[in-house]
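Computed from a predicted structure; not experimentally measured. One-based numbering, in listed order, for ligands and for the atoms of each.
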Amino acid sequence: MINITLKDGSKKTFEPGITPEGIAGSIASGLKKKTVAAYVDGVVYDLNRPIYQHAEVDLITKDQPTAFEVLNHSTAHLMAQAVKRLYPDAKFGVGPPIKEGFYYDIATESTIKEEDLEKIEAEMRRIIKEQIPMVRDEYSEAEAKRLFHDDPYKLELIDELEDGEIISVYTQGEFVDLCRGGHVGNTKHIKHFKLLSIAGAYWRGDSDREMLQRIYGTSWFTKEDLDAHLAKLEERKERDHRKLGKQLRIFHLDRDAGQGLAMWLPNGYTIRKVLEDYVYDLERKAGYLHVSTPVLGTKKLYQISGHFDHYEEHMFPVMERDGESFVLRPMSCPHHMIIYNSELRSYRDLPIRLAEIVTMHRYEASGALTGLERVRAMTLTDSHIFVREDQIKQEVLAAYNLILRAIDDLGLKIDYVELALRDEEKGKFHDDDEKWDYAESVMKALLDEENISYREVKGEAAFYGPKIDIQVRTAMDHVITMSTVQLDFLLPERFDLTYIGQDGAKHRPVVIHRGLVSTWERLMSILLEQYKGAFPLWLAPIQMQLIPVNSEAHGEYANILHKYFIDKGFRSSIDAREEKLGYRIREGQTQKIPYQLVIGDNEVDTNTVTYRRYGEKAQKTVSLDAFVTLMQEEVEAKTKRH
Ligand code: TSB
Ligand code: ZN
């Protein structure tokens, strides 16, 4: 007999070979139904894996996160078996559970298409009905290699296992797979699943190796959970800025133009221009001085700054001409340091707040590129603020508050504030411990004093200093940085920045790097997702659309109105096509235009406008003047609607 100690400390004895399922069943039939697997001495055991030794057993029930992983991993195997039946030449890469489901990488001569997923699902349902057990066996390395002799992927994985590691192989009917395990024991336990999509994925994530076909899916314990998850995915897709950006003609990406090199379409550029004017004005009023510097700089400039020591992997390679070396800048700080140094500065001049809307280029791995959210060419609402030590606190706070003001005007929701610190990773950060400790302690003290709640994250700092990052959550549930305030004692030294103090001697200023509302690219992705494309009036690329009911009878008045609105500074458009009224209205709505003005006899006769606000049902008729005032007030109020 073996002694099993359960989580609550109770002990039971069983015949050797008892399974987690057997243990659960010996306690209560309800528990048996809920149990999916178990930790046996800390190792995840399949529901049907026999236990032969005295052990501590912690049953994994459906309500635990690990249970979801076990179920999804099992469903990946189920899918692989179905794929193998349908595509006998299929070989398999890796098939792990992921946050919301699973995937499996597949190599086959056939191209699996989106519409084939249903066929695979049907085969999976057949296998479930066959109630096939998932049986675990242990192999030596030599045996495992013999078993998988014609499967290069599995052989590579076996080669990478630590010496002496137990190699487990699962047999599921005619299907055999190398796997660490944690399975639900029998295909009959899988019920509510869906295959979602198919994408290309390099073997081992290495772009020099072959491309496999990756099928994503998700699997749940109840139909309600599955349905709720699918509804969430649907809503997420509707909110995804890549979809909205196409639908609303905001930006365009093209392989020939280059990955991650986005082009702004007329609608997108209109918004960008409004934002640029807004930021310029906001900063000017807050005492910032605007400058403009080139996208190209010498290699030397970035050697002085330390970018070549700590940031080279994010930079495009050096270009040579006439014996000189240049780089596309990944940041503007070095240029701003040089501008600071171009004049003699006195303590009375500080703080000096240099601001620039900076176009810069960064090498981001192609797999990381995401629509406008993560790109390779980007334009940042940047600033470098040069301060005396005694001004650090007030200027970091002023920068932070200006950021909050902009976020409020834009009507955006933030997820949390992060304090990004360095960690031990060599090479990623400059190595002056004293400077680091001081800069980090200044930032912490400041946040604490101001009662700003934040999460500390190690390893996410800039190479030159700690950052306060304002984080937002994307439709795809990624957390990304929007705004940032960074404290830097390094670059002032690297560029030998000085000012003349009250004492007549030279002193070193401190630099605060600040990104106001991210890059236009990332900001646009955030705006699109948070507004689901229905921009507030001040940002909307087209603010009003005039629709004459009949172009002959009402076209002229519509044209007069259109010109009048344009003159008043509004972005008006007119749709006088010979299409049905209802069709034109619906099309305007898919473009999420804030105001639609339908112009018929009544409007022409009484010099009025009849409008409908996007998202509202009722139409209103008002005088032209009243309408203009309403529009002006709404633009003025930005996102603070009355
Ligand atoms: C604030 N030198 C500082 C600057 O003075 C700097 O460049 N900081 S940064 O590296 O954190 O980048 C600033 C902001 O650019 C980030 O907070 C983020 O919002 C945005 N950003 C960074 N990388 C990308 C990218 N690949 N695509 C789009 N936006 C990006
Ligand atoms: Zn900077």
Heavy-atom nearest neighbour in the protein, as seen from [atom], with distance rounded to 0.1 Å:
| atom | value |
| --- | --- |
| atom 22 (C) of ligand 1 | Arg362 NH1, 3.4 Å |
| atom 14 (C) of ligand 1 | Leu380 CD1, 3.7 Å |
| atom 27 (N) of ligand 1 | Val375 N, 3.1 Å |
| atom 28 (C) of ligand 1 | Thr519 OG1, 3.3 Å |
| atom 17 (O) of ligand 1 | Thr481 CG2, 3.4 Å |
| atom 25 (C) of ligand 1 | Met378 SD, 3.5 Å |

Considering distance alone, does some N or O of [X] sit under 3.5 Å from an N or O of ligand 1?
| X | result |
| --- | --- |
| Thr484 | no |
| His384 | yes |
| Met482 | yes |

Can you classify the ring geometry of Trp538 versus Tyr278 as parallel (below 30°), tilted (30 to 60°) or perpendicular (above 60°)?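 Trp538 and Tyr278: perpendicular rings.
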Where ligand 1 meets [X] - atom numbers and elements under 4.0 angstrom, heavy-atom basis:
| X | value |
| --- | --- |
| Gln486 | 3 (C), 8 (N), 9 (S), 11 (O) |
| Gly515 | 1 (C) |
| Asp382 | 1 (C), 4 (C), 5 (O) |
| Arg374 | 26 (N), 27 (N) |
| Cys333 | 2 (N) |
| Glu364 | 23 (N), 25 (C), 26 (N) |
| Ser518 | 18 (C), 19 (O), 20 (C) |
| Glu373 | 27 (N), 28 (C) |

If you measure from CD on Gln213 to CG on Asp105, what distance do you get to the nearest 0.5 Å?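 It is 10.0 Å, given to the nearest 0.5 Å.
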Quick check: does His513 put an N/O/S atom under 2.8 Å from the Zn ion (ligand 2)?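 An N, O or S atom of His513 is closer than 2.8 Å to the Zn ion (ligand 2), so yes.
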Can you spot which of Trp436, Phe489, Phe463 makes a ring-ring contact (aromatic ring centres under 6.0 Å, His included) with His430?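 Output: one option passes, namely Trp436.
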Does one side chain, of [X] or [Y], offer a donor that lies under 3.5 Å from an acceptor on the other?
| X | Y | result |
| --- | --- | --- |
| Ser383 | Glu283 | no |
| Tyr454 | Asp448 | yes |
| Glu100 | Tyr216 | no |

Which pair of non-hydrogen atoms, one from Ala399 and one from Ile385, has the smallest distance, and what is that distance?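 Heavy-atom minimum between the residues: CB-CD1, 4.2 Å.
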Honestly, is [X] close enough over [Y], meaning NZ or CZ under 6.0 Å from the six-membered ring centre and within 45° of the axis?
| X | Y | value |
| --- | --- | --- |
| Arg214 | Tyr104 | no |
| Arg345 | Tyr340 | yes |
| Arg422 | Phe429 | no |

Please report whether the ring centroid of His507 lies less than 6.0 Å from that of Tyr347.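 No; His507 has its ring centre 6.0 Å or more from that of Tyr347.
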Are Asp409 and Lys638 ion-paired here, with the side-chain N under 4.0 Å from a carboxylate O?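 No salt bridge links Asp409 with Lys638.
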Under 4.0 Å, counting heavy atoms only: does Tyr464 come that close to any atom of ligand 1?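 Checking ligand 1 against Tyr464, which is what was asked, there is a heavy-atom contact under 4.0 Å.
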